[in-house]
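What follows is one structure encoded as structure tokens, with my remarks underneath.
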Amino acid sequence: MIAHVDMDAFYVSIEMLRHPELRGKPVVVAHDGPRGVVTTASYAAREFGVHSALPLVVARRRCPQLNVLPVDMQLYRRGSRRVMETLAEFSDSVEVVGLDEAYVDLSASPVPQSRAREIKRKVTAATRLACSIGLGPNKLMAKIASDLDKPDGLFVLTEGNWLETVGARPASLLPGVGPRTFERLRAIGVETVADLAAAEPGSLEHSFGPRHGPALRERGNGVGARSLTTERVRKSESRETTFPHDVSDRALMAETVERLGAAVCESLADHGRSGRTVTLKIRLTPWRTHTRSRTLPSPTRDPEAVIGVARELLERFDPEDPVRLLGVGVAGLVGDAPDDVPETHDAPARDAPAREGAPAGASGARQLSL
DNA sequence: TCTGGGGTCCTAGGACCC
DNA sequence: TCTGGGGTCCTAGGACCC
């Protein structure tokens, strides 16, 4: 069995540890500003229809008494490290998916359900945070199971109860079925997971192609990967920024591209990596996103080189309409010479504040210190 | 209601090579 | 002289995920 461990309202729950007066209240973590969106919403906020990815202006309209906290990634990264260290005690095979979720292979355990309960206890003891766990014979079922009993839940999906449990749910419940795919599915009469599971293979292939079509049908039947990917090497790095208000000033665009390019190179240097393809991303008003890229003969993380290319791409694109977002990225990453050294996982940020009295690597059931 | 930031993977066309 | 097919790289855009 595979477990999918999903922290409940992770960023907000961590913030509650240092703002106990906000417990039970509608709280979101968000980049504030005229174009901010909700990153995470507390369960009290969700009762007002406030959820992640919702524009902040809409969130405040739905919930005038909403508490908006700024994003503190350093803090959430520390919390995440504590969670992942705890999970590593339960299996050699752990796949970290984001700061707040991971798969844990419990195949070695004869009693995966009690192991899962043990994981929940240990995670909470180590962090004072709750999580939900899904169990399943593969990643897909485990992932969906973790959503079925939130928060602080535990749910098991198997081939035996798959269709009776989720068959009537919309197909968009499945990972990989986003808004676009769901619309196209509905256009051919596929509304639910059960519809997808029983769909005519020919009509799926006709609509989605020889690869995507059959893959969708398999997902509808709960078929998914049974082994985890424990090591992942980053393939690109980027920085982007949305302006509070649209920009037409070329000098400001150029300055922004410089700042973003420098930030990307600084991060690449921290990770000991370089890349060959420089990409400029431009989002115009109204909401059209474009990219322009150039591949260099050899990998670089030299700010002058990266910024130089990015500025040329900007000049070449020459946006006519106001610009709402600019981004600079470097892809095709390789590690430092001589050999392609894999990046160090989650290297500490260079200006991470020193932790008081907490020796690095100390483990055990200490609580998340703030 | 009007949409952040950081990623991954896929597709499709054109260039180029064998 | 005119022609096929496969493979790889590059570029641009799109869907999706956390």
Side-chain angles (χ1 to χ4, degrees), chain A residues 4-7 9-11 28-41 48-63 68 70-71 73 76-77 80 95-103 139-140 143 146-147 172-185 208-213 215-216 219 229 232-244 246 260 263-264 267 271 275-297 309 313 316-317 324-333 343 346:
Chain A
H4 180 252
V5 180
D6 199 347
M7 302 302 296
F10 189 51
Y11 297 176
V28 297
V29 169
H31 292 102
D32 210 341
R35 287 168 164 172
V37 300
V38 173
T39 300
T40 314
F48 291 86
V50 171
H51 52 80
S52 56
L54 189 73
L56 213 45
V57 287
V58 182
R60 284 202 166 101
R61 202 167 302 144
R62 291 187 186 173
C63 179
V68 179
V71 179
M73 290 308 294
Y76 315 146
R77 264 191 264 274
S80 178
E95 177 175 340
V96 178
V97 183
L99 288 187
D100 68 335
E101 62 181 87
Y103 295 94
K139 287 166 67 176
L140 177 69
K143 163 105 180 137
S146 69
D147 265 332
S172 53
L173 178 77
L174 301 167
V177 181
R180 299 300 169 119
T181 302
F182 189 44
E183 270 318 299
R184 288 169 66 192
L185 283 170
F208 294 94
R211 287 163 62 93
H212 198 201
L216 280 170
R219 243 169 277 174
T229 308
R232 197 160 281 163
V233 181
R234 193 184 302 289
K235 296 178 175 173
S236 68
E237 273 206 50
S238 63
R239 292 292 182 276
E240 65 186 50
T241 187
T242 295
F243 298 109
D246 292 341
L260 294 169
V264 171
S267 175
H271 294 100
R276 285 181 56 209
T277 304
V278 178
T279 300
L280 177 74
K281 178 172 169 180
I282 303 178
R283 178 128 68 214
L284 305 174
T285 296
W287 205 263
R288 288 191 321 276
T289 306
H290 300 271
T291 59
R292 290 293 179 273
S293 63
R294 184 188 304 163
T295 300
L296 306 170
V309 171
L313 294 170
R316 171 151 72 85
F317 186 79
R324 67 177 285 144
L325 170 148
L326 283 174
V328 175
V330 176
L333 298 187
E343 69 174 333
D346 202 8

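Per chain, numbering begins at 1; letters A, B, ... match sequence-line order.
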Donor-acceptor check, side chain of A:R324 to backbone of A:W287, threshold 3.5 angstrom: yes or no? no
If a protein heavy atom is under 4.0 Å from the base, mark B; if only from the sugar-phosphate, S; if neither, -; do that for nucleotides 4-10 of chain B going 5' to 3'. BBSSSSS
Quick check: does any side chain N or O of A:S146 sit under 3.5 Å from a backbone N or O of A:K143, one acting as donor and the other as acceptor? yes
With sequence neighbours excluded, what pairs up with A:R35 under the salt bridge (charged side-chain N to carboxylate O under 4.0 Å, His left out) test? A:D246
Give A:R60 one of three labels, base, sugar-phosphate or nothing, depending on what nucleic acid heavy atoms sit under 4.0 Å from its own. nothing
At a cut-off of 3.5 Å, list every protein nitrogen or oxygen paired with a nitrogen or oxygen from nucleotides 12-18 of chain C, distance to 0.1 Å.
unit_1 : atom_1 : unit_2 : atom_2 : d
C:dA12 : OP2    : A:S293 : N      : 2.7
C:dA12 : OP2    : A:S293 : OG     : 3.4
C:dG13 : OP1    : A:H290 : ND1    : 3.2
C:dG13 : OP2    : A:T291 : N      : 2.9
C:dG13 : OP2    : A:T291 : O      : 3.2
C:dG13 : OP2    : A:R292 : NH1    : 3.2
C:dA15 : OP1    : A:R180 : NH1    : 3.3
C:dC16 : OP1    : A:G178 : N      : 3.0
C:dC16 : OP1    : A:G178 : O      : 3.4
C:dC16 : OP1    : A:T181 : N      : 2.8
C:dC16 : OP1    : A:T181 : OG1    : 2.3
C:dC16 : OP2    : A:P179 : N      : 3.4
C:dC16 : OP2    : A:R180 : N      : 2.9
C:dC17 : OP1    : A:G176 : N      : 2.4
C:dC18 : OP1    : A:K143 : NZ     : 2.3
C:dC18 : O3'    : A:D100 : OD1    : 3.0

Can you check whether A:G329's main-chain N or O pairs, donor with acceptor, with A:S238's side chain at less than 3.5 Å? no
With sequence neighbours left out, the residues meeting side chain to side chain contact (heavy atoms under 4.5 Å, CB included) with A:V71 are A:V29, A:H31, A:T39, A:M73, A:Y76
Which residues pass the side chain to side chain contact (heavy atoms under 4.5 Å, CB included) test with A:E240, sequence neighbours left out? A:K281, A:L325
Does a sphere of radius 6.0 Å around CZ in A:R288 hold more than 12 heavy atoms from other residues, nucleotides or ligands, not counting ones at 6.0 Å or beyond? yes
Go ahead and write out DNA chain C as dot-bracket, 5' to 3': ( ) for pairs within the strand, [ ] for ones crossing earlier pairs, | when the partner sits on another strand, dots for unpaired; Watson-Crick or G-U wobble, both distances under 3.5 Å. ....||||||||||||||
Just verifying a value: how many Å separate A:E101 CD and A:S80 OG, rounded to the nearest 0.5 Å? 10.5 Å
Considering only the C1' atoms, how many Å lie between C:dC16 and B:dT3, rounded to the nearest integer? 16 Å
Short question: side chain of A:R239, backbone of A:A263 - any donor-acceptor pair under 3.5 Å? no
With a 3.5 Å distance limit and no angle check, can you tell me whether A:E95 reaches the backbone of A:T229 through a side-chain donor-acceptor pair? yes
